[in-house]
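To start, the structure itself, in C-alpha cells.
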Amino acid sequence: MTDYGEEQRNELEALESIYPDSFTVLSEKPPSFTITVTSEAGENDETVQTTLKFTYSEKYPDETPLYEIFSQENLEDNDVSDILKLLALQAEENLGMVMIFTLVTAVQEKLNEIVDQIKTRREEEKKQKEKEAEEAEKQLFHGTPVTIENFLSWKAKFDAELLEIKKKRMKEEEQAGKNKLSGKQLFETDHNLDTSDIQFLEDDFSYRKSMEAVLSSVLELLETSAGNNVEVDESLFQEMDDLELEDDDDDPDYNPADPGSDSTD
C-alpha cells in the first residue's frame, strides 16, 4: 500500500534543498507551498518571472497536484495561458511519480523561451525602424522618381496654376481699363513704354519657349525609359501653341530696340 504522506514529505525536503531561496511553505495540512521561477537574464538584464503555487491532493502522486500562477512579472496574458497548459500536460504525463521538480523545470525552460522571443521581437522592431529611417533618408536626398503618371499630374497642376494667374491678370486689366488712358496719354506720360512692351513680349516669348523645351525633354526622357511605348498627348502643349508668338528672331532686319523695324519687310 502506497504511503502518500511519506512520499510527499520526502519530496518537500528535496524541493527545499533544491530551491532554498525561492521555496516557501504556506501550510502543512494540506501541504501547500510556492516556488518562484525566474528566467535567465535577457537583453539589458531583463527577466520574466512567475511564482507557482502547488497543493498536494490526498493521493498525490497518483493524483495530480493542484497548481496555479500565484504571481508573475513581465509576462503577457498569452504567456500565462501557455504556462498553465504546459503544467497540465506535464502533470498528466508524470502521473504516478513525484513531479514538482519536473513541472518547475518545464516552466523554467518556457520562461527562457519567452525571453528569447522578446529579444527576437525587439531586434526585428529595431531593424524595421532602421530600414524605415534609411528609406526616409533616401527619399530626402533622391526625391520621387519621375514617371509618366506623376509628370502628367504635375503638368495638370502647373496648367491650373497658369490659368489662375491668367484669370487674375485679366481681372486686374479689366478693372484698370475703366480708368485707362489713351495710347497718346500713356506715351506722353512714359516714353519708355514702347521699349518696355517689346521687352515684355521678348521675355514672355523666351519663357514659354523654355518651358516648352523643358516639358518636351521630360516627355522624351520618360518615353525612352518606358521602352518607347508611351503615347504622347499633344494637347498638353495646346495652351502654349494658342499663345505662340511670331519668332521675330528669324528676321535678320528685326531690331527689338527699334519700334519702326518691320519684320514683314
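Since the structure is predicted, the reported quantities are computational estimates derived from the model, not experimental observations. Residues: numbered from 1 along the sequence shown.
Side-chain polar atoms of Y60 and E11 form a donor-acceptor pair below 3.5 angstrom. Inspection of the T147 and N150 side chains reveals an N or O donor paired with an N or O acceptor under 3.5 Å. In this structure, a donor-acceptor pair under 3.5 Å is absent between the side chains of Q128 and E124.
We find the CG-CD1 distance between D21 and I18 to be 13.5 Å, quoted to the nearest 0.5 Å. For the atom pair NZ of K53 and CD1 of I69, the computed distance is 12.5 Å after rounding to the nearest 0.5 Å. Summarising the geometry, atom CZ belonging to F23 is positioned 11.5 Å from atom OG1 belonging to T36; distances are rounded to the nearest 0.5 Å. Separation of atoms CD (E13) and CD (Q8) is listed at 12.5 Å; rounding is to 0.5 Å. The OG atom of S27 sits 11.0 Å away from the NZ atom of K29 when rounded to the nearest 0.5 Å. Between the OH atom in Y56 and the OG1 atom in T64 there is a gap of 13.0 Å [rounded to 0.5 Å].
Residue E58 qualifies as open at atom CD: its count of foreign heavy atoms under 6.0 Å is 12 or below. Around the CD atom of E6, the shell of radius 6.0 Å holds more than 12 heavy atoms that belong to other residues, nucleotides or ligands. Heavy-atom neighbours of F101 CZ from other residues, nucleotides or ligands within 6.0 Å: at or below the threshold of 12.
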Identify all side-chain donor-acceptor contacts of residues 70-87 below 3.5 Å with residues at least two apart in sequence or on another chain.
| from | atom 1 | to | atom 2 | distance (Å) |
| --- | --- | --- | --- | --- |
| S71 | OG | T51 | OG1 | 3.3 |
| Q72 | OE1 | L75 | N | 3.0 |
| N74 | ND2 | T47 | O | 2.7 |
| D79 | OD2 | E76 | N | 3.1 |

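The side chain to side chain contact (heavy atoms under 4.5 Å, CB included) with M170 is formed by just one residue from the set K166, E172, K168; it is K166.
Counting heavy atoms from C-beta on, the side chains of I114 and S39 never come closer than 4.5 Å. Using a 4.5 Å heavy-atom threshold, the side chains of L152 and I148 count as touching. Residues T38 and L111 fail the side-chain proximity criterion, which asks for heavy atoms closer than 4.5 Å. Contact of the L52 side chain with the T34 side chain is not registered, since no non-hydrogen atoms from C-beta on lie closer than 4.5 Å. Between P31 and L12, the closest side-chain pair of non-hydrogen atoms falls below 4.5 Å. A heavy-atom distance below 4.5 Å is found between the side chains of K110 and E113.
Closest non-hydrogen pair, L103 versus Q90, comes out as CD2-CB, 3.3 Å. In terms of heavy-atom proximity, G96 sits nearest to D62 at CA-OD1, 3.6 Å.
Remark: side-chain polar atoms of N94 are not paired, donor with acceptor, to backbone N or O of M99 under 3.5 angstrom.
Residues F54 and F33 place their aromatic rings such that the two centres sit under 6.0 Å apart.
Linking Ile, Leu, Val, Met, Phe, Trp and Tyr whenever their side-chain heavy atoms come within less than 4.5 Å leaves I35 and L66 in two separate clusters. L89 and V104 sit in two unconnected hydrophobic clusters of ILVMFWY residues. Membership requires side-chain heavy atoms under 4.5 Å apart, directly or through other members.
Here K127 does not pair with E130 in a salt bridge; the nearest charged N to carboxylate O distance is not below 4.0 Å.
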